[in-house]
> 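Sharing a structure below in structure tokens format, with a few things to ask.
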Amino acid sequence: MYTQSFSVADSEARAGLKSVTPPPTSEEAALQAHFDAVIDADGKVEPRDWMPEGYRKTLVRQISQHAHSEIVGMLPEGNWISRAPSLKRKAILIAKVQDEGGHGLYLYSAAETLGTSRDQMLAGLHSGKAKYSSIFNYPTLNWADVGVIGWLVDGAAIMNQIPLCRCSYGPYARAMIRVCKEESFHQRQGYEALLVMMQGTAEQKAMVQDAVNRWWWKCLAMFGPPDADSPNSAQGMRWGIKRISNDDLRQKFVDATVPQAEVLGVTLPDPDLKWNEERQHHDYGAIDWDEFWATVNGHGPCNKERLSTRVKAWNDGAWVRDAALAHARKQKERSMKEAA
Ligand code: 3HC
């Protein structure tokens with residue numbers, strides 16, 4: 001009878017499997033050396049080029065998470081299209097939400113060039129395995145939230161995304177150029193909407209201040225964990241995917257936003273926020289990382305609602321995808337018959 005004490009040595013074949021990474025062949029070493037030279041020269045890696053598996057995986061992870069953030073990010077604002085306060089605001093908001101959908105499509109396409117299909121990426125999102133930005137798990141309670149998302153959330157997104165236009169992977173870098181142009185319009189429309197509200201009634205001003213209070217800290221956390229706790233940063237920077245660290249981007253965002261808040265006439269909800277002459281930057285208070293991680297791990301106020309809305313949209317759209325595929329199949333058959 002076999003018991004836990006039944007113990008024999010690994011077979012020789014099994015022992016052979018233990019060597020983890022076989023030494024690179026001379027061909028692999030040459031490919032790696034070429035890749036390293038491209039990265040060191042700040043060149044671009046293209047889909048046809050050889051790349052280390054880790055580089056490919058990191059890009060698929062980051063680009064697909066980014067794409068998911070764009071399409072989940074349509075939900076909190078889409079919620080306000082039918083309640084926009086004027087025809088002008090409704091038209092702007094429809095265009096903005098549609099742009100975010102477009103960003104998702106460019107990004108899924110960029111990730112597909114790395115050999116992962118859109119269906120695989122969406123399956124990851126729908127099963128809750130794939131991440132998307134923490135910021136989209138908070139509710140939009142009133143119209144001022146829509147303005148604040150434009151000003152602060154899109155403002156933070158641009159700060160993070162401008163350096164991605166110089167990412168070492170060509171398709172991602174090129175997609176980001178257009179994304180950033182559109183994001184800059186999103187940021188301005190949000191700021192302008194808030195400027196108008198701040199010239200309105202005391203109630204409208206209070207709504208803006210309340211929305212700023214609720215979103216400020218979430219936007220600071222959006223840049224990701226502190227550099228010391230960011231497992232992917234060092235390698236991402238080495239590969240030229242990430243150009244500026246989480247903390248440096250966060251600091252740039254704070255420094256850029258303080259004067260904008262002054263012009264708008266709102267206060268940022270941080271008693272520790274003050275200019276530091278020595279550092280030539282603003283100091284700011286402690287971010288609640290426990291809340292951030294709880295949200296990233298599925299326990300934010302709207303995680304369940306966001307995911308179930310995406311899954312429902314996917315299921316409801318099955319007939320459209322089926323019809324498009326059937327149409328494409330028929331067209332192909334027809335053109336093959338004509339060619340025969
Ligand atoms: N929300 C959710 N997860 C986050 C996060 C956030 N705000 N910030 C970091 N994380 C996750 C990372 O994905 C990583 O998890 P993983 O290893 O399982 O993938 C973990 O926390 C540790 O973080 P790191 O700093 O080590 O990870 P990265 O080096 O990948 O840096 C990042 C994180 C800065 C978000 C980087 O991935 C990035 O620049 N991504 C591209 C931009 C992007 O995705 N932006 C999201 C917002 S897009 C948007 O807001 C749409 C616009 O219309 C407003």
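Ligands are counted one by one from 1 in listed order, and the atoms in each one are counted from 1 as well.
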> Count the heavy atoms of every other residue, nucleotide or ligand shown that sit under 6.0 Å from CZ of Arg178, and state whether that count exceeds 12.
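Counting other residues, nucleotides and ligands, CZ of Arg178 stays at 12 neighbours or fewer.
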> Consider ligand 1: state whether an atom of it lies below 4.0 angstrom from any non-hydrogen atom of Gly73.
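No, Gly73 has no heavy atom closer than 4.0 Å to ligand 1.
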> Indicate, as side chain, backbone, both or neither, the part of Ser133 found under 4.0 angstrom from ligand 1 when only non-hydrogen atoms are considered.
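Both of them.
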> Run the ring pair (Phe, Tyr, Trp, His ring centres under 6.0 Å) check on His66 and Tyr106 step by step: do they pass?
CA-CA 11 Å; His66 191 167; Tyr106 313 149; over 10 Å; no
> Within the 4.0 Å heavy-atom shell around Phe223, which atoms of ligand 1 are there?
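Near Phe223, the atoms of ligand 1 are 34 (C).
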> Touching ligand 1 at all, Leu164? Heavy atoms, strictly under 4.0 Å?
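Distance cut 4.0 Å: Leu164 passes for ligand 1.
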> Can you tell me if CD on Glu27 sees more than 12 non-hydrogen neighbours from other groups inside 6.0 Å?
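No, CD of Glu27 has 12 or fewer neighbouring heavy atoms, counting only those of other groups under 6.0 Å.
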> Please indicate whether Arg321 has more than 12 foreign heavy atoms, meaning atoms of other residues, nucleotides or ligands, lying under 6.0 Å from its CZ.
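Above 12, so yes.
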> Within the supplied structure, the quantity of interest is the number of heavy atoms (other residues, nucleotides, ligands) at a distance under 6.0 Å from Lys252 NZ; does it exceed 12?
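Incorrect, the count does not exceed 12.
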> Distance to 0.1 Å, residue and atom name: give those for the protein heavy atom nearest to atom 32 (C) of ligand 1.
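Here the nearest protein heavy atom works out to Asn160 ND2, 4.5 Å.
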> So if I count the atoms of ligand 1 from 1 in the order they appear, which ones are less than 4.0 Å from some heavy atom of Pro231?
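Counting atoms of ligand 1 from 1, those under 4.0 Å from Pro231 are 22 (C), 26 (O).
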> If you take the centroid of each ring, where Trp contributes its six-membered ring, are Tyr108 and His68 closer together than 6.0 Å?
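Ring-ring flag for His68/Tyr108: true, centres closer than 6.0 Å.
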> Just to confirm my output: which protein heavy-atom neighbour is closest to atom 15 (O) of ligand 1, and how far is it?
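Nearest neighbour among protein heavy atoms for atom 15 (O) of ligand 1, to 0.1 Å: Lys131 NZ, 3.4 Å.
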> Which atoms of ligand 1 are found less than 4.0 Å from any heavy atom of Ser230?
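That gives atoms 24 (P), 25 (O), 26 (O) of ligand 1.
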> Under 4.0 Å from any heavy atom of Glu70, which atoms of ligand 1 are there?
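What qualifies from ligand 1 is 51 (C), 52 (C), 53 (O).
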> Under 4.0 Å from a heavy atom of Phe292: which atoms of ligand 1 are those, numbered in the order shown and with their elements?
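Checking each atom against Phe292, I get 4 (C), 5 (C), 6 (C), 7 (N), 8 (N).
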> Is the shortest N/O to N/O distance between Val296 and ligand 1 below 3.5 Å?
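There is no such contact.
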> N/O of Ser134 under 3.5 Å from N/O of ligand 1, yes or no?
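Min N/O separation from ligand 1 is below 3.5 Å for Ser134.
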> Could you list which atoms of ligand 1 come closer than 4.0 Å to a heavy atom of Pro225?
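Here the atoms of ligand 1 in question are 9 (C), 22 (C), 23 (O), 25 (O).
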> Considering heavy atoms of the protein only, find what lies nearest to atom 52 (C) of ligand 1 and give residue, atom and distance to 0.1 Å.
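For atom 52 (C) of ligand 1, the nearest protein heavy atom is Glu183 OE2, 3.3 Å.
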> So, Trp314 versus His126, ring centres under 6.0 angstrom or not?
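Trp314 vs His126: aromatic centres under 6.0 Å.
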> Sequence neighbours left out, what pairs pass salt bridge (Lys or Arg N to Asp or Glu O under 4.0 Å) with at least one residue falling in residues 286-310?
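Only Lys218-Glu291 qualify under salt bridge (Lys or Arg N to Asp or Glu O under 4.0 Å).
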> Any nitrogen or oxygen of Lys242 lying under 3.5 Å from a nitrogen or oxygen in ligand 1? Just yes or no.
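Among all N and O atoms of Lys242, at least one is under 3.5 Å from an N or O of ligand 1.
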> Drop me the distance from Thr257's OG1 to Glu262's CD, to the nearest 0.5 angstrom.
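So the gap between those two atoms works out to 11.5 Å.
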> With heavy atoms of Gly224 as the reference, note each atom of ligand 1 found under 4.0 Å away.
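Near Gly224, meaning under 4.0 Å from one of its heavy atoms, ligand 1 has 8 (N), 9 (C).
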> What residues, two or more places apart in sequence or in another chain, satisfy salt bridge (Lys or Arg N to Asp or Glu O under 4.0 Å) together with Lys242?
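Salt bridge (Lys or Arg N to Asp or Glu O under 4.0 Å) list for Lys242, sorted by chain: empty.
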